[in-house]
Amino acid sequence: MEEVSSTPQPQPSRPKRNNTWIYAVIIALLLGTNVYLFLQRNKSQQKLLESTQQLQQADTSLAALQSEYNASLSRLDDLTGKNAQLDKQLKEKDSELGRTKARIQEILSKNKATQQEVAEARALIHKLNTRIGDYEQQIARLKQENSTLTVQRDSVVVSNTDLQQKVSLAKVLHASNIRMTGIKLTRGGRKEKETEKARRVDLLRITFDIDENRIAESGNKELNICITNPNGELLSNAALGSGSFKTADGQSRYYSVSKAVMLQTEQPVKDINVDWQQSSEYAKGAYNVEIYHQGYLIGKGSVSLR
C-alpha cells in the first residue's frame, strides 16, 4: 500500500484586535474627569471668593451699622431731659426700646453675622431712627408751642404792667388852686397879715387843694414841696424837715418841706397850708413852688415879693 503523505493544511490567521478605540475612550474619560475636576475646583474657588467677599461686605455693613446705631443712641440720649412730656413717653416705651436696642447690639456683636441678621439689624435701626425722628418733631412742635405761649405770656405781662402803671399813675394825686403868700407876723406870732413886701415877710405860706381821686386808697399821703428863691436856689433847712426823694424817672431831687395829707377816697381836700419860715430875710423877686406826689409833679405856683 502506498503511503499517503499528509501535508498539514495551513490554518487561517486570526485578525489582530484593534484596541485604539479603547484607548481613545479611556483618554476621553480621563480628559472629561480632569475637566470636571477643574471646573469643580474653579467653582469651589469662586464660591470661596464669593463667601469671602460676602463676609467682607458683612463686616463692612456691620461696621457701618454700628456707626449708624451709635449715632442713633446719641440722638436718643440727647432727647432725654429736654421735655417732661417726652420723657414720660420715653419711659413708657422704655421696655420696647430696650428690646430693640438689645437685639441690634446682639447682632452687631457677632463676629460672623449672616446677611439676614445684617438686614434685620438695618431694619431695626431704621425703625429706631424713625421713632427718634418722631420724638424730635414732637420736641420741635412743643418748643414752638412753648415759644408761642411765652410770647403770649410776655404780652399779658406787658399788658398787666402797663395796666398797673396806669392804675398807679391814676392813684397819683392832683393839686389845684395853688397860692403862695407872704405873711407878716405881729404880736408875737399871734396875728398874721398878708404882704408882698419882701422886707416885711416872716414866712411864706403855700395853700392848695387836693382834687377828688376815685382810685387812691384812703389814708395819709406824703407830699414833697420844693420852693426856690428868685435866684433859682432851693430853700432848704434840715431842721425844718428838708430832705430828698426820687422822681418818677428815677432822678434824685431835694425838697424844702414835706406835708402829710389825710385823704378820703372820692373826696377832695381843701385849703391845705404849708408854711416855710427862715431866719434870714427874703429877697425881692419871684418865688416858685412845686408839689410832688410819688415822684410826680402834681402842681406848681409862684408869688412875687417886691
Side-chain angles (χ1 to χ4, degrees), residues 149-183 185 189-196 201-229 232-278 286-305:
L149 290 175
T150 299
V151 171
Q152 293 176 350
R153 181 204 63 193
D154 292 343
S155 177
V156 171
V157 170
V158 170
S159 298
N160 288 339
T161 301
D162 291 342
L163 180 60
Q164 290 174 357
Q165 289 178 345
K166 290 178 180 179
V167 171
S168 297
L169 188 59
K171 290 182 178 179
V172 175
L173 305 180
H174 181 261
S176 63
N177 195 23
I178 301 172
R179 296 92 70 194
M180 188 158 57
T181 308
I183 301 295
L185 298 177
R190 294 191 303 272
K191 186 177 180 179
E192 299 178 355
K193 183 179 180 180
E194 294 183 4
T195 181
E196 294 181 355
V201 172
D202 292 312
L203 62 87
L204 291 176
R205 174 165 294 162
I206 302 99
T207 304
F208 58 93
D209 299 336
I210 293 296
D211 298 337
E212 173 186 346
N213 190 306
R214 298 184 178 182
I215 298 178
E217 298 87 355
S218 299
N220 280 322
K221 309 299 178 183
E222 183 176 353
L223 307 178
N224 300 120
I225 300 170
C226 303
I227 307 170
T228 55
N229 63 20
E233 299 169 339
L234 180 72
L235 301 181
S236 65
N237 187 332
L240 298 178
S242 299
S244 64
F245 67 100
K246 291 287 186 181
T247 61
D249 58 2
Q251 300 296 318
S252 181
R253 173 120 190 222
Y254 290 95
Y255 62 85
S256 304
V257 65
S258 64
K259 177 70 174 180
V261 177
M262 185 62 188
L263 180 72
Q264 295 293 329
T265 303
E266 298 187 9
Q267 294 183 12
V269 183
K270 299 291 187 179
D271 296 327
I272 302 169
N273 291 323
V274 178
D275 292 340
W276 173 262
Q277 187 174 11
Q278 63 186 33
Y287 287 79
N288 296 309
V289 61
E290 294 180 341
I291 304 173
Y292 288 83
H293 177 232
Q294 295 182 352
Y296 290 95
L297 176 64
I298 63 171
K300 56 185 178 180
S302 65
V303 66
S304 293
L305 302 180

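This chain uses plain numbering: 1 for the first residue, then up along the sequence. Since the model is a prediction, treat every value here as computed from it, not as a measurement.
- Under a 3.5 Å cut-off, the side chain of Thr207 and the backbone N or O of Asn273 do not form any donor-acceptor pair.
- Listed by chain and residue number, Asn224, Ser258 satisfy the side-chain contact (heavy atoms from CB on, under 4.5 Å) test with Glu222 (two or more places apart in sequence, or in another chain).
- A donor-acceptor contact shorter than 3.5 Å is absent between the side chain of Thr265 and the backbone of Arg214.
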Residue pair Val269, Leu263: steps toward the side chain to side chain contact (heavy atoms under 4.5 Å, CB included) verdict: CA-CA 7 Å; Val269 183; Leu263 180 72; 3.9 Å; yes

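- Listed by chain and number, the residues in a side-chain contact (heavy atoms from CB on, under 4.5 Å) with Thr195 are Lys184, Lys197, Arg200, Val201 (sequence neighbours excluded).
- Take Arg190 and apply the salt bridge (Lys or Arg N to Asp or Glu O under 4.0 Å) test, not counting sequence neighbours, and it matches no residue.
- Shown here are the side-chain contact (heavy atoms from CB on, under 4.5 Å) partners of Glu196, two or more places apart in sequence or in another chain: Arg306.
- Taking Asp211 as the reference, nothing meets the salt bridge (Lys or Arg N to Asp or Glu O under 4.0 Å) condition, with sequence neighbours excluded.
- Side-chain contact between Leu223 and Phe208 is present, with heavy atoms from C-beta onward closer than 4.5 Å.
- In terms of heavy atoms, Ser302 sits closest to Asn288 at CB-OD1, 3.1 Å.
- With a 4.5 Å cut-off on side-chain heavy atoms, Gln294 and Lys221 do not count as touching.
- Here CG of Asn213 is found 9.5 Å from NZ of Lys171. Values are rounded to the nearest 0.5 Å.
- We find the CG-CD distance between Asp202 and Gln277 to be 6.5 Å, quoted to the nearest 0.5 Å.
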Please tabulate, for side-chain N and O atoms in residues 232-245, each donor-acceptor pair with protein atoms closer than 3.5 Å (sequence neighbours left out).
unit_1: Glu233; atom_1: OE1; unit_2: Asn229; atom_2: ND2; d: 3.1
unit_1: Asn237; atom_1: OD1; unit_2: Ala239; atom_2: N; d: 2.9
unit_1: Ser242; atom_1: OG; unit_2: Asn237; atom_2: N; d: 2.7
unit_1: Ser242; atom_1: OG; unit_2: Asn237; atom_2: O; d: 3.1
unit_1: Ser242; atom_1: OG; unit_2: Ser256; atom_2: O; d: 2.6

I'd like to know whether His293 forms a side chain to side chain contact (heavy atoms under 4.5 Å, CB included) with Ile210, so could you lay out the CA-CA distance, the side-chain angles of the two residues, the decisive distance to 0.1 Å, and finally the verdict. CA-CA 11 Å; His293 177 232; Ile210 293 296; over 6 Å; no

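- Checked against salt bridge (Lys or Arg N to Asp or Glu O under 4.0 Å), Glu194 has no partners two or more places apart in sequence or in another chain.
- With sequence neighbours left out, Tyr287 forms a side chain to side chain donor-acceptor pair (under 3.5 Å) with no residue at all.
- Between the CG atom in Asp275 and the CZ atom in Arg205 there is a gap of 4.0 Å [rounded to 0.5 Å].
- Rounding to the nearest 0.5 angstrom, the gap separating the CD1 atom in Ile291 from the CD1 atom in Ile178 is 4.0 Å.
- Taking the salt bridge (Lys or Arg N to Asp or Glu O under 4.0 Å) definition, one finds that Glu266 meets it with nothing, sequence neighbours left out.
- The side-chain heavy atoms of Arg253 and Tyr255, taken from C-beta on, include no pair separated by under 4.5 Å.
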Using the side chain to side chain contact (heavy atoms under 4.5 Å, CB included) rule, take Leu204 and Leu305 through it: C-alpha gap first, then chi angles, then the decisive distance, then the call. CA-CA 10 Å; Leu204 291 176; Leu305 302 180; 4.2 Å; yes

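- Remark: Ser304 engages no residue in a side chain to side chain donor-acceptor pair (under 3.5 Å) (not counting sequence neighbours).
- The distance from the CG atom of Asn177 to the NZ atom of Lys270 is 7.0 Å, given to the nearest 0.5 Å.
- Shown here for Glu212 and Gln267, the closest heavy-atom pair between the two residues is CG-N, 4.0 Å.
- Legend: residues meeting side-chain contact (heavy atoms from CB on, under 4.5 Å) with Asp249, ordered by chain and number and at least two apart, are Thr247, Gln251.
- Contacts of Arg179 classified as side chain to side chain donor-acceptor pair (under 3.5 Å), with partners at least two apart in sequence or in another chain: Asp271.
- Considering every non-hydrogen atom in both Leu185 and Glu192, the closest pair reads CD2-CG, 3.6 Å.
- Taking the side chain as every heavy atom from C-beta outward, Val274 and Val289 never approach each other to under 4.5 Å.
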